[in-house]
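Beneath this line is the structure, given in structure tokens, with notes to follow.
Per chain, numbering begins at 1; letters A, B, ... match sequence-line order.
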Amino acid sequence: MKLPLSYYSNQDVLFLAQDLLGKVLFTKINDEITAGIIVETEAYNGISDKASHAYGGRRTDRTETLYSHGGVSYVYLCYGIHHLFNVVTSVDDEPHAVLVRAIEPLIGMEIMELRRNMPASKAAISAGPGSAAKALGIDRSLNKKDLNGSEIWIEDHGIQYSADNIVAGPRIGVAYAQEDALLPWRFFIKGNKYVSKPNTI
DNA sequence: TCCGTGATGCACT
DNA sequence: GTGCATCACGGAC
């Protein structure tokens, strides 16, 4: 059920960003299990990607996680408020990552409703990377965890989306990345209400 | 629309 | 070592 670490060693981060759509992201925090279907991702393509924290091969205490082998979580704080969850992919010293931007709640709805203080029927409960992470109880204590462990992992439930139902568009909030800001490296499920705005290209 | 909130990274001593 | 601009966002107006 759990995706093996070998799944994440694929060196094509654009492929994995799309393949992770439909996979189910689980967390177990204080014995409470919650999970959601991944419906929106963004690819961050290593040292040549100006939007990546590892652009130009930058290594700092924070970005060190990105240089791990594939199948490790990368969680960091953004704007002082939001915890953002990424999946590190590829091999050692190749800092590729996929940002999970939205999930569709699947398991542990009432726990997620308490964490977010809103009903799961509202799309905002897990639309957007900060909200999705909060619904799943993810914070920086889950940084640099193997994704086949007991705290956070991803399963394949056989959910498949046809190419027609996957939309590619520019990534959100990366205007600083100049020409790389226009690359169509954001992927989401057409029509899914939990996809963050803007949910068109 | 506007702005909170805090870690981070880098330019400086 | 210290200061400060910057930031993969979201929610209250």
Side-chain angles (χ1 to χ4, degrees), chain A residues 13-14 16-18 20-21 25 36 38-68 70 72-90 94-105 112-144 147 152 167-189 192-201:
Chain A
V13 70
L14 294 176
L16 279 180
Q18 293 170 81
L20 281 165
L21 295 171
L25 175 60
I38 297 171
V39 294
E40 180 180 355
T41 61
E42 282 179 2
Y44 287 83
N45 192 22
I47 63 173
S48 63
D49 180 356
K50 290 187 177 179
S52 168
H53 290 165
Y55 174 62
R58 186 167 64 182
R59 291 186 95 119
T60 64
D61 286 347
R62 178 176 68 159
T63 65
E64 197 56 34
T65 303
L66 285 169
Y67 293 84
S68 306
V72 170
S73 62
Y74 174 47
V75 182
Y76 71 95
L77 188 66
C78 186
Y79 297 109
I81 304 175
H82 308 293
H83 296 277
L84 271 58
F85 168 74
N86 301 249
V87 177
V88 176
T89 71
S90 195
E94 201 170 60
H96 292 181
V98 176
L99 169 67
V100 173
R101 290 191 52 88
I103 60 159
E104 179 177 333
M112 290 191 269
E113 290 179 332
L114 282 172
R115 285 177 184 151
R116 296 284 293 126
N117 194 30
M118 66 175 75
S121 56
K122 291 190 73 166
I125 193 170
S126 57
S131 298
K134 190 171 181 185
L136 290 168
I138 294 171
D139 64 23
R140 294 193 309 146
S141 69
L142 287 180
N143 184 40
K144 217 167 188 175
L147 292 175
I152 183 164
V167 185
R171 294 173 290 182
I172 306 295
V174 295
Y176 62 89
Q178 303 167 34
E179 70 273 18
D180 288 350
L182 298 176
L183 295 167
W185 289 355
R186 171 183 179 233
F187 304 99
F188 60 92
I189 304 305
N192 188 289
K193 79 172 192 176
Y194 296 97
V195 170
S196 65
K197 305 292 180 193
N199 57 10
T200 53
I201 306 179

How close or far is atom P of C:dT6 from atom CG of A:Leu77, stated in whole angstroms? 19 Å
Given atom CD of A:Glu64 and atom P of B:dG9, what is their separation to the nearest angstrom? 11 Å
Hunt down the Watson-Crick or G-U wobble partner of B:dT5, both distances under 3.5 Å, from any strand shown, or write none. none
Are A:Glu40 and A:Ser196 close enough, and set up right, to give a side-chain contact (heavy atoms from CB on, under 4.5 Å), and what steps lead you there? CA-CA 8 Å; A:Glu40 180 180 355; A:Ser196 65; 2.9 Å; yes
Starting at CG of A:Leu99 and ending at C1' of C:dC7, how long is that distance when rounded to a whole Å? 14 Å
What is the separation between atom NZ on A:Lys122 and atom P on C:dG11, rounded to the nearest whole Å? 9 Å
With a 4.0 Å limit, can you tell me whether A:Arg116 has a side-chain N or O closer than that to the phosphate oxygens OP1/OP2 of C:dG10? no
Provide, to the nearest angstrom, the distance between the OH atom belonging to A:Tyr76 and the P atom belonging to B:dT8. 12 Å
Taking only side-chain nitrogens and oxygens of A:Thr60, does any of them come within less than 4.0 Å of OP1 or OP2 of B:dT8? no
When you measure from the side chain of A:Pro129, which nucleotide among B:dT5, C:dC9, C:dG11 comes out closest? C:dC9
I'd like to know if the side chain of A:Arg116 reaches the main chain of A:Lys134, judged simply by a donor and an acceptor atom lying under 3.5 Å from each other, with no hydrogens or angles considered. no
What is the distance, rounded to the nearest whole Å, between atom CG of A:Asn86 and atom P of C:dC9? 11 Å
On DNA chain B, compare the nucleotides closest to A:Cys78 and A:Arg58; which residue's is nearer the 5' end? A:Cys78
Nearest whole Å is fine: how far is B:dT8 P from A:Tyr79 OH? 16 Å
Mind checking if A:Arg140 touches a base, just sugar-phosphate, or nothing, with heavy atoms under 4.0 Å? sugar-phosphate
Atom CD of A:Glu42 and atom C1' of C:dC9 are separated, to the nearest Å, by 12 Å
OP1, OP2 of C:dC7 versus side-chain N and O of A:Arg62: anything below 4.0 Å? no
Would you call A:Thr65 and A:Tyr76 a side-chain contact if the rule is heavy atoms closer than 4.5 Å? no
Looking only at the side chain of A:His82 (C-beta and beyond, no hydrogens), which of the listed nucleotides B:dA7, C:dC9, B:dT5 gets closest? C:dC9
Any non-hydrogen side-chain atom of A:Tyr194 less than 4.5 Å from a side-chain atom of A:Ile189? no
pair A:Arg101-A:Phe187: side-chain heavy atoms closer than 4.5 Å: no
